[in-house]
Amino acid sequence: MARNITPRAEDYSQWYLDIIKAAELADYAPVRGCMVIRPTGYSLWESIQHHFDEAFKETGHVNAYFPLLIPNSFLEKEAEHVEGFAPECAVVTHAGGEVLEEPLVVRPTSETVIGHMYSKWIQSWRDLPILINQWANVMRWEKRPRLFLRTSEFLWQEGHTAHSSREEAMEETLKMLGVYARIMRDILALPVVEGEKTEGERFPGADNTYACETMMSDGKALQAGTSHFLGQNFARAFDIKFQNQNGDLEYAWTTSWGVSTRLIGAIIMTHSDDDGLVLPPRVAPVKAAILPIGTNEEKVASTLLPRALELSSELDRSLGGRCTVVDKQFYLRPGDRFFQHLQRGVPLRVELGEKDLAAGTARVVRRDSGEKMDIPLENLASRIPELLEDIQSGLFNRALDFRRQNTSVVSTYDEMKKVMEEKGGFVETWFAGTRDDEKKIKEETGATARCMPIDSPEEGPCFFTGKPGGRKVIFAKAY
RNA sequence: CGGGGCGUAGCGCAGUCUGGUAAGCGCGCCUGGUUCGGGACCAGGAGGUCGGAGGUUCAAAUCCUCUCGCCCCGACCA
């Protein structure tokens, strides 16, 4: 039992913060709402970045970088956009010792600058599509920050594409939603629901927003990624026009999509336990920690350490990349070293002691189950990858089971209220209500419409209004 | 921004109501030793002027005013 972590059942949000602290993922910065991502946390982010970036490249996207500062007037060009973001914008009014003629907004997102640039770059249908992504920081001044889930500055990736037809842009929007869902499931072991957002939850300036919704281990929903179909809204605002094959001028169709460091929060709240962080092997920067254990310095130096280093590089080769570490903290007692890796969520711990070597085995311990096994040295290189895959699928299945067990299907508002009061989790139902209805539901139950699952196109009677033609909707309390 | 709580050593806290050698405890850290396969033990140390500013007083961590910040709950969000 970890003595530095509040049990999850006792205080969920304290548990979450304790995990972050114990795993040394992040720390509070001197400026409220900002966080320092510590090396352990940043390496996790790099791993996440790596998997997403690779997928973006595979789908033909290229990376670029647009500036942090945006002329205030840009924000104002799209009415809904400015309305949505103005309240949370940080604005630079002074620079170079003078008051600026036009205030500069620290980007809360980059549709506007990118739209401005696209209008310069796009003239012909031959220039389309433009498929650009950028990895960047953005700032949205938050009233209630929480590490990784909501910080005033956060790191993310924003894809911005422009297309010559509505169909192609819509296809792109859904394609990237699918890419997100795939990586979240396969790599981050997060069971996600792909869905369309209701009007009230839409991105400011978008015609339509899609999202990957995931359930945390307290039953609350977390929006883990969004993909927006922007229609021609930004094209009109920024004059992104192209000449089509008939010689006519048309506005382009644009999309944008993003995932952020919030994913780290999702991973923590989906997989971790009362002992600390638990990481799915495929996204874990360190997949196995190898610990030579012994007090006889000579023996450690002559046999244990070399064997550990050898195993480490062998595993790095077979697993691809530098993903194992050899723990050389001999000044710590074994228990302290165990706990360190445990709390950082390292999927496997491989203990290599004198007793093990004498027996020709290594003691391997799983982070997810705590199971210990003695594996013959010659089998390690093949067994460890298998174990990692087993942990990976186990974590996903456990999370999926949890979501299923905490998803209730209801057909009346009374039922829904009862579920939200007694059980929480996701509520699945038919809904044909208005924005005001959503508001009322939120006021009375605390739950919001998370999304309309895209794999449930059928319609049914609205649980709230009784009207026919309701779409399948998931309601839940959300982060 | 509204409601609630809190700022004393790196962390967690006691002391504040009833001003006056109480700046103290636990963990952590440093040194030495014994230990060493799930968070050790003994001994000896280093470290804070009590969030900040002003005020009351012979005297303030303790009382008053202002201020900054943090945490939790609500309205808003990747």
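In what follows, every heavy atom counts, from backbone to side chain, and hydrogens, waters and symmetry copies are set aside. Sequence lines set the chain letters: A, B, ... in the order given, protein chains first and strands last, and positions in each chain run from 1.
- With both pairing distances under 3.5 Å, B/G12 is matched to B/C25 as a Watson-Crick or G-U wobble pair.
- Residue ring and base: A/Phe339 counts as stacked with B/G39 (centre distance below 5.5 Å, interplanar angle below 30°).
- A/Ile20 places its CD1 atom 18 Å from the P atom of B/C11, with the value rounded to the nearest Å.
- Atom C1' of B/C64 sits at a distance of 13 Å from the matching atom of B/G19, rounded to the whole Å.
- Pairing for B/G7 goes to B/C68, judged as Watson-Crick or G-U wobble with the two contacts each under 3.5 Å.
- Under 4.0 Å is where a charged nitrogen must lie from a carboxylate oxygen, and between A/Arg363 and A/Asp374 at least one such pair does.
- The residue A/Lys355 sits close to a base: some heavy atom pair falls under 4.0 Å.
- The base of B/G37 has none of its N or O atoms less than 3.5 Å from a complementary donor or acceptor on the side chain of A/Arg333.
- With both ends at atom P, the span from B/G24 to B/U49 equals 14 Å, rounded to whole Å.
- Looking at every heavy atom in both residues, A/Lys477 comes nearest to A/Thr445 through CE-O, 3.4 Å.
- Base pairing of B/C36 is not made with any nucleotide, judged by Watson-Crick or G-U wobble geometry with both donor-acceptor distances under 3.5 Å.
- Remark: C1' of B/C36 and NZ of A/Lys299 are 15 Å apart, rounded to the nearest angstrom.
- A ring-centre distance under 6.0 Å is not found for A/Tyr118 and A/His160.
- Residues passing the salt bridge (charged side-chain N to carboxylate O under 4.0 Å, His left out) test with A/Glu213 are A/Lys197, A/Arg450, sequence neighbours excluded.
- The CG-C1' distance, from A/Leu291 to B/G38, rounds to 12 Å in whole Å.
- B/A22 and B/A9: their C1' atoms are spaced 15 Å apart (whole Å).
- Taking atom CG on A/Asp18 and atom P on B/C71, their separation rounds to 14 Å, with Å as the unit.
- Taking atom CD on A/Glu371 and atom P on B/G37, their separation rounds to 21 Å, with Å as the unit.
- Separating the P atom of B/A40 from that of B/C77 is a span of 48 Å, rounded to the nearest Å.
- If you measure from atom CG of A/Asp274 to atom C1' of B/G39, you get 16 Å, rounded to the nearest angstrom.
- Counting heavy atoms from C-beta on, the side chains of A/Val365 and A/Val350 never come closer than 4.5 Å.
- Of all nucleotides present, only B/G20 satisfies the Watson-Crick or G-U wobble test against B/C58, with each distance under 3.5 Å.
- B/G44 and B/C30 make up a base pair, with Watson-Crick or G-U wobble contacts both under 3.5 Å.
- For the side chain to side chain donor-acceptor pair (under 3.5 Å) criterion with A/Asp53, the lone passing option out of A/Gln49, A/Lys57, A/His50 is A/Lys57.
- A cation-pi arrangement, defined by a distance under 6.0 Å to the six-membered ring centre and an angle within 45 degrees of its axis, is present between A/Arg349 and A/Phe338.
- Residue A/Leu263 is classed as having no contact, given no heavy-atom separation below 4.0 Å to the nucleic acid.
- Of the candidates A/Ile48, A/Leu149, A/Leu147, A/Ile264 forms a side-chain contact (heavy atoms from CB on, under 4.5 Å) with just one, namely A/Ile48.
- A donor-acceptor contact under 3.5 Å links the side chain of A/Asp356 to the base of B/G37.
- Using a 3.5 Å distance cut-off with no hydrogens or angles, the side chains of A/Glu444 and A/Tyr413 do pair a donor with an acceptor.
- Inspection of the A/Ser217 and A/Tyr12 side chains reveals an N or O donor paired with an N or O acceptor under 3.5 Å.
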Contact letters for nucleotides 72-78 of chain B, in which S counts primed atoms plus P, OP1 and OP2 and B counts the base, heavy atoms under 4.0 Å
SSBBSBB
Test salt bridge (charged side-chain N to carboxylate O under 4.0 Å, His left out) applied to A/Asp390 and A/Arg383, step by step:
CA-CA 10 Å; A/Asp390 195 55; A/Arg383 281 293 285 140; over 6 Å; no
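- Taking atom C1' on both B/U8 and B/G26, the two are 15 Å apart, rounded to the nearest angstrom.
- Between B/U65 and B/U56, the distance separating the two P atoms is 15 Å to the nearest Å.
- The same atom, P, is picked in B/G52 and in B/A61; the two are 11 Å apart, to the nearest Å.
- A/Leu304 has its CG atom 15 Å from the P atom of B/G37, to the nearest Å.
- One interatomic measurement links the two molecules: OH of A/Tyr331 to P of B/G32, which rounds to 15 Å at whole-angstrom precision.
- A distance of about 13 Å separates the C1' atoms of B/G12 and B/C6, rounded to the whole Å.
- Partner assigned to B/C1 is B/G74, using Watson-Crick or G-U wobble distances below 3.5 angstrom.
- Non-hydrogen atoms lying under 4.0 Å from RNA chain B are contributed by nothing in residues 39-59 of chain A.
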